[in-house]
Amino acid sequence: MVEEEGFRRYVAHAILWIGIAIVAFPVYIAIVASTQDNALIANGQMSLLPGGHFFEVYYKTIFVGTSGSTREPVGNMMLNSLVMALAIAIGKIAISIISAYAIVYFRFPFRMAIFWIIFITLMLPVEVRIYPTYKIVADLHMLDSYAGLALPLIASATATLLFRQFFMTVPDELLEASRIDGAGPLRFFWDTLLPLSRTNMAALFVILFILGWNQYLWPLLITTRDDMQTIQVGIRKMITTTDALTEWPIVMATAVLAMLPPVFVVVAMQKLFVRGLVETEK
């Protein structure tokens with residue numbers, strides 16, 4: 001019996017390592033390709049070992065940019081993506097938690113109808129309403145701006161639903177105790193609900209930051225200037241129709257750099273992220 005359990009454990013670990021290798025190998029290839037000479041990659045003679053152009057390629061990628069389709073440094077693209085991702089994540093959390101607080105703790109006409117209208121918007125992602133959204137943004141002169149990148153994506157029915165479900169699990173005794181202490185609605189929200197929602201906000205922040213960072217279609221539509229394009233759009237513009245004209249080391253270096261901020265956010269907030277997903281008792 002013990003030997004059988006040990007065999008199963010080894011098999012499980014072997015499957016896990018195989019899965020890790022399948023996921024990590026493309027990342028390794030991107031890192032290796034970013035240190036190789038462009039001619040070797042274009043001719044299909046790339047080595048599987050790192051080359052000697054690491055510092056040269058990454059310096060050019062971050063501070064200079066390509067000499068072809070987009071001349072904007074990747075450092076500026078990363079800044080645009082970072083501002084967009086932070087604005088989307090923080091904005092979604094702020095709007096959603098306030099909306100959920102109003103729906104749960106205030107009594108006003110059509111309260112549940114408003115909630116269900118918010119919930120129905122889950123069926124209307126930005127891809128479905130892209131033309132009217134673009135028309136409104138263009139009429140408000142927000143093309144090629146951070147506001148235009150973030151504001152149309154800042155509302156979140158999903159986050160509102162999650163915060164509402166969490167607030168409904170908060171004991172009523174906390175509200176009564178706050179009223180006895182003379183706390184008003186804002187004081188109760190700030191001193192009681194926000195601290196209790198910390199892990200939920202952290203979990204949502206990780207998910208929403210990655211969502212905002214990986215946006216491609218919307219930034220592609222509303223950015224016409226190279227200095228406002230995000231890193232996802234920049235990667236696509238770097239890849240030309242002719243392989244010989246594509247600067248593959250810079251493309252691969254850009255792809256590697258594009259992975260770093262989401263990985264950093266996940267690693268830095270891992271404990272709060274896991275607690276926010278599995279914690280049930282508040």
Please determine whether residues [X] and [Y] belong to a single hydrophobic cluster, defined as Ile, Leu, Val, Met, Phe, Trp and Tyr linked transitively by side-chain heavy-atom distances below 4.5 Å.
| X | Y | answer |
| --- | --- | --- |
| Ile98 | Leu196 | yes |
| Tyr216 | Ile130 | no |
| Met78 | Val233 | no |
| Val23 | Val27 | no |
| Leu257 | Val251 | yes |

**Message:** Ring centres under 6.0 Å, that's the criterion: do Phe189 and Tyr105 meet it?
**Reply:**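 No: the rings miss the under 6.0 Å criterion.
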Got a sec: does the [atom1] of [X] have more than 12 other heavy atoms crowding it under 6.0 Å?
| X | atom1 | result |
| --- | --- | --- |
| Tyr59 | OH | no |
| Tyr131 | OH | no |
| Phe106 | CZ | yes |
| Asp172 | CG | no |

Taking all atoms of both residues into account, what is the closest heavy-atom pair of [X] and [Y], and its distance?
| X | Y | value |
| --- | --- | --- |
| Pro262 | Ile210 | CB-CG1, 4.1 Å |
| Thr230 | Pro219 | OG1-CB, 3.7 Å |
| Trp248 | Asn38 | N-OD1, 3.0 Å |
| Met46 | Ala33 | SD-CB, 3.5 Å |
| Val266 | Val206 | CG2-CG1, 3.8 Å |
| Trp213 | Ala85 | N-CB, 3.6 Å |

[atom1]/[X] to [atom2]/[Y] distance, rounded to the nearest 0.5 angstrom?
| X | Y | atom1 | atom2 | value |
| --- | --- | --- | --- | --- |
| Leu186 | Tyr101 | CG | OH | 6.5 Å |
| Ile20 | Ile15 | CD1 | CD1 | 12.5 Å |
| Ile103 | Met168 | CD1 | CE | 11.0 Å |
| Thr61 | Met252 | OG1 | CE | 12.0 Å |
| Ser96 | Ile93 | OG | CD1 | 8.0 Å |
| Ile88 | Leu153 | CD1 | CG | 4.5 Å |

[X] side chain near [Y] side chain, heavy-atom distance below 4.5 Å:
| X | Y | value |
| --- | --- | --- |
| Met238 | Val74 | yes |
| Val83 | Leu79 | yes |
| Asp37 | Ile41 | no |
| Leu194 | Ile97 | yes |
| Leu204 | Phe163 | yes |
| Phe209 | Leu82 | yes |
| Ile95 | Ile154 | yes |
| Phe119 | Thr158 | no |

**Asked** Under the side-chain hydrogen bond (donor to acceptor under 3.5 Å, both in side chains) criterion, do Asp144 and Thr224 qualify, and how do the steps go?
**Response** CA-CA 6 Å; Asp144 292 315; Thr224 57; 2.5 Å; yes
I'd like to know if the side chain of [X] and the backbone of [Y] have a donor-acceptor N/O pair within less than 3.5 Å.
| X | Y | value |
| --- | --- | --- |
| Asn80 | Asp227 | yes |
| Ser47 | Leu49 | yes |
| Tyr28 | Leu48 | yes |
| Ser145 | Met142 | yes |

**Request:** Start with the C-alpha distance between Gln215 and Met84, add both sets of side-chain angles, then the distance that settles side-chain contact (heavy atoms from CB on, under 4.5 Å), and finish with yes or no.
**Result:** CA-CA 9 Å; Gln215 287 294 320; Met84 179 181 177; 3.5 Å; yes
**Message:** By the salt bridge (Lys or Arg N to Asp or Glu O under 4.0 Å) test, which pairs, at least two apart or in different chains, include something from residues 100-129?
**Reply:**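 Matches after skipping sequence neighbours: none remain.
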**Message:** Given the ring of Phe115, does Arg164 sit roughly above its face, with NZ or CZ under 6.0 Å from the centre of the six-membered ring and within 45° of the axis?
**Reply:**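 Yes, Arg164 and Phe115 form such a contact.
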**Request:** Please lay out, stage by stage, how Phe264 and Val267 fare under the test side-chain contact (heavy atoms from CB on, under 4.5 Å).
**Result:** CA-CA 5 Å; Phe264 174 78; Val267 171; 6.0 Å; no
